[in-house]
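Take a look at the structure below.
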Amino acid sequence: MAKKNKTKSKFRQRITNKFRLVVLNEDTFEERLSFKLTILNIFVLSGVFSILLVASTTVLIAYTPIREYIPGYSSTQLKKDATQLVLEADSLKRKLQSLENYTKVLIPILSGQQPLNEVDFDSLKENSKPIDFDVSKLDASKTDSLFREKVDSKDRFPLFDKAENKIDMVFFAPITGNITQQFNITEKHFAIDISQTTGTPVKSIEDGRVIFAEWTTETGYVIIVEHGTGFISVYKHNGALLKQQGDFVKSGEAIASVGSTGELTTGPHLHFELWYNGYPVNPLNYIDFK
């Protein structure tokens with residue numbers, strides 16, 4: 001306890017000790033000014049000065065035109081002018097609409113389609129008033145609603161319509177054998193499966209360049225050939241690959257061998273896909289596998 005009191009007294013003595021600040025003439029050492037200060041007085045004066053500085057800055061920004069030079073602030077006069085311009089623009093718009101309606105009524109009279117003595121000037125005044133449009137007329141009728149439902153129920157983007165059209169082109173059969181699974185778009189089976197004994201050569205259906213030749217977990221050894229005519233042929237579940245990515249192949253050249261690789265295989269067969277301009281097509285439309 002005594003130590004704490006001793007520490008407090010030392011701290012109080014330090015901040016209350018008086019110091020003298022003297023300003024002297026450098027040549028004559030004559031004393032010009034002198035101030036008696038303490039550390040406590042310096043802290044108090046600094047705090048008061050900071051508070052006054054913040055308060056004066058706030059007053060200048062809030063109540064003087066200086067705030068107009070600060071980014072993000074706009075003058076009161078500018079806001080008033082903008083509001084006035086909006087009101088005047090709305091008034092001019094209403095007057096212009098009234099003038100247009102009045103002119104439409106006068107066109108038949110000025111063109112001679114309607115005699116002047118048959119003009120009902122009271123109706124002119126009524127017609128020159130702004131027209132109140134009935135928003136309820138925008139509601140769709142029953143016929144329109146049924147038509148919309150019919151259109152929405154159809155496929156707006158038939159991706160396979162173009163792909164299903166046969167093209168006058170015949171390819172070399174990659175292998176021959178029994179087709180164990182047909183091409184089926186609805187089941188998302190964009191290929192045909194042809195069974196054959198392991199090691200049977202798999203041949204390229206057309207001249208082209210190998211763009212993919214790698215192992216995949218699900219489909220085993222896969223090789224893909226781009227033929228440069230919009231067609232791409234895909235060969236999956238191969239037992240081995242005879243070509244590498246970037247190789248050029250000829251029509252009927254062996255590029256792989258039949259196997260049963262990959263998790264999705266069902267035995268020795270070739271899973272063959274044919275794509276045209278980004279759409280899967282039925283290989284049976286172009287190739288005879290028998």
Would you mind listing every side-chain hydrogen bond (donor to acceptor under 3.5 Å, both in side chains) that reaches into residues 47-57, with sequence neighbours excluded? none

Report the residues that fulfil side-chain hydrogen bond (donor to acceptor under 3.5 Å, both in side chains) with Glu88, sequence neighbours left out, ordered by chain and then residue number. Gln84

So which pairs with a foot in residues 205-224 pass salt bridge (Lys or Arg N to Asp or Glu O under 4.0 Å), sequence neighbours left out? Arg209-Glu226

Quick one, Asn282 with Ile192, criterion side-chain contact (heavy atoms from CB on, under 4.5 Å). Give me CA distance, side-chain angles, the key distance, then yes/no. CA-CA 8 Å; Asn282 190 347; Ile192 61 170; 4.3 Å; yes

What is the distance from atom CG of Leu53 to atom OG1 of Thr58, rounded to the nearest 0.5 Å? 9.0 Å

Minimal heavy-atom distance between Phe272 and Ile287, with the atoms involved, is CE2-CD1, 3.7 Å

I'd like to know whether CZ of Phe43 has more than 12 heavy-atom contacts from other residues, nucleotides or ligands below 6.0 angstrom. no

Side-chain (Asp90) to main-chain (Leu87) donor-acceptor, under 3.5 angstrom: no

For residues 184-204, the salt bridge (Lys or Arg N to Asp or Glu O under 4.0 Å) pairs (sequence neighbours left out) are none

Single-linkage hydrophobic cluster, 4.5 Å side-chain cutoff, Val234 and Leu264 together: no

What heavy-atom pair brings Ser204 and Lys250 nearest, and what distance separates the two atoms? CB-O, 3.6 Å

Applying side-chain hydrogen bond (donor to acceptor under 3.5 Å, both in side chains) to Thr186 and not counting sequence neighbours gives Asn184

Sorted by chain and residue number, the side chain to side chain contact (heavy atoms under 4.5 Å, CB included) partners of Gln182 (sequence neighbours excluded) come out as Ile179, Leu284

Among residues at least two apart in sequence or on other chains, which ones pass side chain to side chain contact (heavy atoms under 4.5 Å, CB included) with Val48? Val44, Leu52

Could you give me the CA-CA distance, side-chain angles and deciding distance for Val225 and Ile211, then say whether side-chain contact (heavy atoms from CB on, under 4.5 Å) is met? CA-CA 6 Å; Val225 180; Ile211 60 174; over 6 Å; no

Would you give the length of the straight line joining atom CG of Leu274 to atom OH of Tyr279, rounded to the nearest 0.5 angstrom? 15.0 Å

Could you tell me which residues satisfy side chain to side chain contact (heavy atoms under 4.5 Å, CB included) with Val23, sequence neighbours excluded, listed by chain and number? Arg32, Leu33

All heavy atoms of Gly262 vs all of Trp215, minimum pair found to be N-CH2, 4.0 Å

Ring-ring centroid check Phe231 Phe171, cutoff 6.0 Å: yes

Is any side-chain heavy atom of Phe172 less than 4.5 Å from a side-chain heavy atom of Pro174? no

Look up atom CG in Leu242 and atom OH in Tyr221, then write down how far apart they are to the nearest 0.5 Å. 11.5 Å

Sequence neighbours excluded, the answer for side-chain hydrogen bond (donor to acceptor under 3.5 Å, both in side chains) partners of Thr216 is Thr219

Output for pair (Tyr276 OH, Tyr286 OH), nearest 0.5 Å, gives 8.0 Å

Quick one: closest heavy-atom pair of Phe183 and Pro283, and the distance? CD1-CD, 4.1 Å

Answer yes or no: is there a donor N or O on one side and an acceptor on the other, between the side chain of His237 and the main chain of Thr261, under 3.5 Å? yes

Spatial distance of atom OG1 (Thr200) from atom CD1 (Ile175) [nearest 0.5 Å]: 7.0 Å

May I have the step-by-step check of side-chain contact (heavy atoms from CB on, under 4.5 Å) for His269 and His271, ending in yes or no? CA-CA 7 Å; His269 74 286; His271 177 99; 4.3 Å; yes

Applying side chain to side chain contact (heavy atoms under 4.5 Å, CB included), name anything that partners Asp288, two or more places apart in sequence or on another chain. Lys290

Residue pairs fulfilling salt bridge (Lys or Arg N to Asp or Glu O under 4.0 Å) with at least one residue in residues 252-276, sequence neighbours excluded: Lys236-Glu273, Lys243-Glu253

Working to the nearest 0.5 angstrom, can you tell me the gap between Ile205 CD1 and Ile255 CD1? 9.0 Å

Side-chain heavy atoms of Val210 within contact of Ile223, under 4.5 Å: yes

Side-chain heavy atoms of Asn238 within contact of Val202, under 4.5 Å: yes

Could you tell me which residues satisfy side-chain hydrogen bond (donor to acceptor under 3.5 Å, both in side chains) with Ser260, sequence neighbours excluded, listed by chain and number? Thr265

Report yes or no: does His189 contribute a side-chain atom to a donor-acceptor pair with the main-chain N or O of Ala191 at less than 3.5 Å? yes

Under a 4.5 Å cut-off applied to non-hydrogen side-chain atoms, are Pro280 and Ile185 in contact? no

Which pair of heavy atoms, one from Leu241 and one from Ala256, lies closest together, and at what distance? CD2-CB, 4.1 Å

